[in-house]
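First the proteins, then the strands, lettered A, B, ... as listed; each starts at 1.
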Protein chains: 2
Amino acid sequence: MDKVNIKKLAAELNLSAATVSRALRDSHEIGAATKARVMEMARKMNYVANPSASNLRSHKSKTIAVIVPEIANSFFSQAINGIEEIARAHNYHVLIYQTHENVEAENAFIRSLLSGRVDGILISIASGTSESRNYKDVLPVLPLIFFDRVCEDIEAIKITTNDYQSSYTATKHLIENGCKKIAYLKAIDHTPAGKNRIAGYVNALKDSEILFDERLMIDTRSEQENVELIKNLLQTQKPDGLIASIEELSLPCYYACRELSLKIPTDVKIISFSNLKTAGILNPSLTTIAQPAFEMGRTAAGILFKILNRKEVELNQTLVLDSELVVRDSTQNLY
Amino acid sequence: MDKVNIKKLAAELNLSAATVSRALRDSHEIGAATKARVMEMARKMNYVANPSASNLRSHKSKTIAVIVPEIANSFFSQAINGIEEIARAHNYHVLIYQTHENVEAENAFIRSLLSGRVDGILISIASGTSESRNYKDVLPVLPLIFFDRVCEDIEAIKITTNDYQSSYTATKHLIENGCKKIAYLKAIDHTPAGKNRIAGYVNALKDSEILFDERLMIDTRSEQENVELIKNLLQTQKPDGLIASIEELSLPCYYACRELSLKIPTDVKIISFSNLKTAGILNPSLTTIAQPAFEMGRTAAGILFKILNRKEVELNQTLVLDSELVVRDSTQNLY
DNA sequence: CTGTTAGCGCCTTCAG
DNA sequence: CTGAAGGCGCTAACAG
């Protein structure tokens, strides 16, 4: 049936397989007339090159891999969206792997990709990953670019968000909208991202000459407990602004306010970090710091293709993208 | 460096390449002792089989393709999540393609996949696609399974959601919570899904002996216009329940109620179809009919692997999955 | 500008 | 149970 290969094409055209191959790859050493003839016959015969054969010979898979903790996480799905778009423009294919935060799985994926299946890897590492050895083994063999969840102790290309700036902006926004006592709900504060967010908050206060009060910065736990923690915070400290340092903290804020009959944003204004640009749309009372997932995907992929196309690329750089403040009525009184 | 191939492995072991190959593939005609020896050396030498070579020879790519309109759409990203999970369990790789609803792109993807790059395809078709010819060309060559956005006029395996049942359940839920005048906001009513949703609504009313009033069923347009349309509906018809037949209609409902100072759920109860199970978490006042995206991905992939493993599969079946009613305080008064 | 030759790395006969 | 030989479809190197 369909087994049209380059030989049959060549036979049909009274040419050698090599010539046909060259014509199809648009080589400069083939005449325009011949190329046209070949192209037309290829279309007519429904010829599609066998990628395995061509990879085997040329050592180019025209494929890249994306490794993320979770596809359905909106942040990563948006990033993949950006990656796919760039890959498409380069006529590349995209393989997807999710680690579910499992370091073993991540290593297995990486190892299996060292066999020539892909020309490059984009990775957002599993949170448990500390061993940078696995990544170091890859670097000499295959371009490997980190995005969002980057590996710290390794010299490589990394794309991250500007957590410090995001948090600073969020805090400033609340201050500019009249908040005097802004509380900060901590989370993931052992990660670089978490630390930077805290620093942004603290420095924004300082720059506005508001005294940092550590009673306004509380630790968080499970969703159930958080509602109580936040209620307690609201009652004892009476803040007029809340910063939820991760998306998961926004709902407890909402519930706590509701249980205390505090009106948002009249009594308390809320800003939440979020992976979802639409979070504020789904919940109209939620202002968010939306992470630039799509742009991150595009950027990471863009750099990878520069490398694959042998462009000059600084191989030990960290690119920092800014988040976007999406304002809803949780911080500004609309009437 | 790493170019350790089967020959080098064989040389190291004083065996022939053929024997090593068989041992690695766990062939029954190799002694257990030899197998163990080979396996260990393979691990020691960091041997990874070259997939191109083995595909070329064996005509198995160990890869499947997923074609969807948009990755970042939460429905599809969840579906992909499910697909990846099943693929993983079968040691398969997953290629992702997004069409952005572009039929040309979709055809190009499909054509390019006919070359042996993948062993099967899972597809959710672009909305503009009507030509079933392209798909028909694939079926004899490669397993092709439709999910969610299926092609109607073709004999193939299809997985869909139960739009009729979902809508029926939603309507019944509102009725059970005291609604007497339930309005229905139409959308995508030219698609099978849209039609079935309307039918579910109408029949649920009928079964509860509520007269269907066509003034309660309105067409929708852009988000801006929808707020006005819904406001008008609320003012002239005074419904006590609203059904948003797609996710994008939920926010206009919210805004319209707010502008008219109608309390949710006291004055009006709302249910929205949604791709996002978490929609009701992000927006606590929103009850949703959540589509079973993850399950759909798992199901579609499961059937594909049955086919790939030569299990008996009915090749012209349509599987219908149920949506899930996720209740929040938009329909039930909590205090 | 085109043809011939020789593999890429693996798997699958066919012989032992 | 193991080895030797050949070829999957394509492309790179070398000739003309």
Side-chain angles (χ1 to χ4, degrees), chain A residues 1-39 41-42 45-63 91 112-119 141, chain B residues 1-39 41-42 45-63 91 112-119 141:
Chain A
M1 47 128 166
D2 272 339
K3 296 293 153 213
V4 187
N5 57 23
I6 217 167
K7 254 189 190 160
K8 289 203 191 134
L9 242 187
E12 204 71 33
L13 288 158
N14 280 339
L15 286 170
S16 74
T19 304
V20 173
S21 170
R22 279 187 281 239
L24 289 170
R25 318 208 86 243
D26 202 27
S27 159
H28 53 279
E29 45 183 349
I30 298 290
T34 316
K35 268 184 199 166
R37 231 159 58 82
V38 172
M39 288 311 221
M41 183 59 83
M45 295 182 72
N46 250 303
Y47 170 77
V48 193
N50 179 322
S52 303
S54 126
N55 298 349
L56 182 57
R57 194 66 242 262
S58 66
H59 299 290
K60 308 221 141 151
S61 64
K62 284 255 167 197
T63 305
N91 259 295
S112 84
L113 292 173
L114 254 30
S115 58
R117 188 181 287 277
V118 299
D119 296 344
V141 186
Chain B
M1 43 119 174
D2 272 338
K3 295 294 153 212
V4 34
N5 55 24
I6 218 167
K7 250 189 193 160
K8 290 203 187 131
L9 241 187
E12 205 72 31
L13 289 158
N14 281 338
L15 285 170
S16 75
T19 305
V20 174
S21 171
R22 279 187 278 239
L24 290 170
R25 318 206 85 247
D26 202 26
S27 160
H28 53 277
E29 44 183 351
I30 298 291
T34 316
K35 268 185 200 168
R37 235 162 53 83
V38 171
M39 288 310 218
M41 182 58 84
M45 295 182 70
N46 251 301
Y47 171 78
V48 191
N50 179 322
S52 304
S54 91
N55 296 351
L56 180 57
R57 194 64 238 269
S58 65
H59 299 290
K60 308 222 140 145
S61 64
K62 285 253 168 201
T63 306
N91 259 293
S112 85
L113 293 173
L114 253 32
S115 58
R117 187 181 288 277
V118 299
D119 297 344
V141 186

Exercise. When the C1' atoms of the five terminal pairs at each end define the local axes, what inter-axis angle does the helix from C:dC1-D:dG16 to C:dG16-D:dC1 show, to 10 degrees?
Worked result: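 Here the helix ends are tilted 30° relative to one another.
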
Partners of [X] by side chain to side chain donor-acceptor pair (under 3.5 Å), sequence neighbours excluded?
X       : answer
B:Ser16 : B:Thr19
B:Asp26 : B:Lys35
A:Ser61 : A:Asp119

I'd like to check the side-chain contact (heavy atoms from CB on, under 4.5 Å) partners of [X]; sequence neighbours left out, ordered by chain and number.
X       : answer
A:Arg25 : A:Ser21
B:Ser58 : B:Lys60
B:Ala53 : A:Leu56, B:Asn50
B:Arg57 : none

Using side-chain heavy atoms (C-beta onward) and a distance below 4.5 Å, is [X] in contact with [Y]?
X       : Y       : value
A:Leu13 : A:Val38 : yes
B:Met41 : B:Val20 : no
A:Arg37 : A:Leu15 : yes

Problem set entry | Heavy-atom closest pair, residues A:Val48 and B:Ser115 |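 The answer is CG1-CB, 3.5 Å.
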
When all nucleic acid strands are considered with a 4.0 Å heavy-atom cut-off, which category describes [X]: base, sugar-phosphate, or nothing?
X       : result
A:Thr34 : sugar-phosphate
B:Ala17 : nothing
A:Arg25 : sugar-phosphate
B:Ile6  : sugar-phosphate

For this session: Would you mind telling me which residue lines up with the more 5' stretch of DNA chain D, A:Ala49 or B:Val20, judged by nearest nucleotide?
Result: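 The residue mapped nearer the 5' terminus is B:Val20.
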
Problem set entry | Residue whose closest nucleotide on DNA chain C lies nearer the 5' end, A:His28 versus A:Ala18 |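 Result of the comparison: A:His28.
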
Problem set entry | Where chain A begins and ends its contact with DNA chain D, read 5' to 3' at 4.0 Å from heavy atoms |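 First-to-last contact on DNA chain D, by the 4.0 Å heavy-atom rule, is D:dG9 to D:dA13.
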
Exercise. Where does the chain B footprint on DNA chain C start and end, counting 5' to 3' with a 4.0 Å heavy-atom cut-off?
Worked result: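 Boundary nucleotides touching chain B, in 5' to 3' order, are C:dG9 to C:dT13.
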
